[in-house]
Amino acid sequence: MSTVSSAEAAGPAQRAVSARGAEVGRRLGVGLMNGLWKPRVLGAWRVPGSGPVILAVNHSHNIDGPMVMGVSPRPVHFLVKKEAFIGPLDPFLRSIGQVKVDRAAADRTAIGAALGVLKAGGVLGIFPEGTRGDGDFASLRAGLAYFAVRSGAPIVPVAVLGSTESRGRLIPALPALRSRVDVVFGDAFEAGDGSGRRTRKALDDATVRIQEHLTTHLEHARRLTGR
């Protein structure tokens, strides 16, 4: 997601995102992810039981988002690239409380919807790298820092490991059926410096702090799982 200034975000179009829909999405994810693969979930208790939270998830495979939705102890509203909202997927993703975002611009509608989720005390899921890659948090966009600093919500790092290790025989684009996928939740942390500043420098500093936390968590998750 592109860097967003306070001026650009002022008065964003607010669009209600369905909390009930996200719960439906979580239940679907529970059945689907546990039916097709073998999730091993570590540290889910670290997700605060109430109040606004941002899950920062590494991203190396298309199932990473649905997997986190299915194993998270709370319903998650993910920021999802607009390219995924095609055909019947468009109304479906909207119905389960996911937020459509244009990654190429300052999407004020998506910004408003995401901040609305946090203001209502919900859980916002973000892939801070912006797109699928090595899933190592090596290159973060400023969107995560903006939402964390603007809302004051704590960030919980989430490492999804094993989704790219083996390919299915029938559908090579998916992990092998019944293969193990590890999801490791880390300790919640604050991205801001406590000053409440939203300047460019404050966001840059927050991004550095976030990257340090996420990289450390990923290294810990790899040692913990042996992956």
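The shown structure was predicted, so the numbers you read here are calculated from the model rather than taken from an experiment.
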Value for CG (Leu79) from CZ (Phe127), rounded to nearest 0.5 Å, stands at 9.5 Å
Sequence neighbours excluded, the answer for salt bridge (charged side-chain N to carboxylate O under 4.0 Å, His left out) partners of Asp187 is Arg46
Exercise. Less than 4.0 Å between a side-chain N and a carboxylate O, is that true for Arg209 and Glu190?
Worked result: no
Test log, rule side-chain contact (heavy atoms from CB on, under 4.5 Å), inputs Ser72 and Leu55 | CA-CA 10 Å; Ser72 171; Leu55 300 185; 4.2 Å; yes
Those residues at least two apart in sequence (or on a different chain) that pass salt bridge (charged side-chain N to carboxylate O under 4.0 Å, His left out) with Glu23 are Arg26, Arg27
**Asked** When you look at Lys82 and Val101, which way does the side-chain contact (heavy atoms from CB on, under 4.5 Å) test go after all the steps?
**Response** CA-CA 5 Å; Lys82 70 174 185 178; Val101 60; over 6 Å; no
- prompt: Are the side chain of Thr216 and the backbone of His213 linked by a donor-acceptor contact shorter than 3.5 Å?
  reply: no
message: Less than 4.5 Å apart, side chain to side chain, heavy atoms only: is that true for Val123 and Leu118?
response: no
Output for pair (Leu224 CG, His217 NE2), nearest 0.5 Å, gives 9.0 Å
The reported gap from CD in Gln98 to OG in Ser18 (rounded to nearest 0.5 angstrom) is 10.0 Å
In terms of heavy-atom contacts, Ala145 and Thr207 come closest through CB-OG1, 3.4 Å
Report whether Val184 and Leu218 are members of the same hydrophobic cluster (ILVMFWY, side-chain heavy atoms less than 4.5 Å apart, transitive linking). no
For a 4.5 angstrom cut-off between non-hydrogen side-chain atoms, does Pro128 reach Leu214? yes
**Asked** Are any non-hydrogen side-chain atoms of Arg198 and Tyr146 less than 4.5 angstrom apart?
**Response** no
On a heavy-atom basis, the closest approach of Val47 and Arg74 is CG1-CD, 4.2 Å
By salt bridge (charged side-chain N to carboxylate O under 4.0 Å, His left out), Asp205 pairs with (sequence neighbours left out) Lys201
* Same cluster for Met67 and Leu32 if Ile/Leu/Val/Met/Phe/Trp/Tyr side chains link at under 4.5 Å? -> yes
| said: Within the supplied structure, the quantity of interest is the number of heavy atoms (other residues, nucleotides, ligands) at a distance under 6.0 Å from Arg40 CZ; does it exceed 12? | reply: yes
dist Lys100:NZ -> Asp90:CG (nearest 0.5 Å) comes out at 5.5 Å
Sorted by chain and number, sequence neighbours left out, salt bridge (charged side-chain N to carboxylate O under 4.0 Å, His left out) with Lys38 holds for none
**Request:** Check the pair Val57 / Ile126 against side-chain contact (heavy atoms from CB on, under 4.5 Å), numbers first and verdict last.
**Result:** CA-CA 6 Å; Val57 186; Ile126 296 180; over 6 Å; no
Taking every heavy atom of Leu93 against every heavy atom of Ala84, the minimum-distance pair comes out as CD1-O, 3.8 Å
Acceptor/donor pairs from residues 152-162 side chains to any protein atom, 3.5 angstrom cut, sequence neighbours excluded:
none

| Under 3.5 Å: donor-acceptor pair, side chain of Ser151, backbone of Phe147 | yes
Distance col, row Trp37:CH2 vs Arg178:CZ, nearest 0.5 angstrom, shows 10.5 Å
(Q) Counting C-beta onward and ignoring hydrogens, is there a side-chain heavy-atom pair between Val183 and Leu42 closer than 4.5 Å? (A) no
Sequence neighbours excluded, the answer for ring-ring contact (aromatic ring centres under 6.0 Å, His included) partners of Phe185 is none
Check your understanding: Should Asn34 and Pro39 count as side-chain neighbours, where that means a heavy-atom distance under 4.5 Å?
Key -> yes
dist Asp64:CG -> Phe78:CZ (nearest 0.5 Å) comes out at 8.5 Å
Of all heavy-atom pairs linking Gly97 and Val17, the shortest is O-CG1, 3.1 Å
Correct closest heavy-atom pair for Ala176 and Ser179 would be O-OG, 2.6 Å
Practice task
Report whether Val208 and Leu144 are members of the same hydrophobic cluster (ILVMFWY, side-chain heavy atoms less than 4.5 Å apart, transitive linking).
Solution key: no
| message | Taking Val30 as the starting point, is it possible to reach Leu177 by hopping between hydrophobic residues whose side chains are less than 4.5 Å apart? | response | no
Exercise for the section: Indicate yes or no: at least one non-hydrogen side-chain atom of Lys119 is less than 4.5 angstrom from one of Pro52. Expected result: no
Counting N and O atoms only, with roles assigned by atom type, does the side chain of Thr199 sit under 3.5 Å from a partner on the main chain of Ala202, one being a donor and the other an acceptor? yes
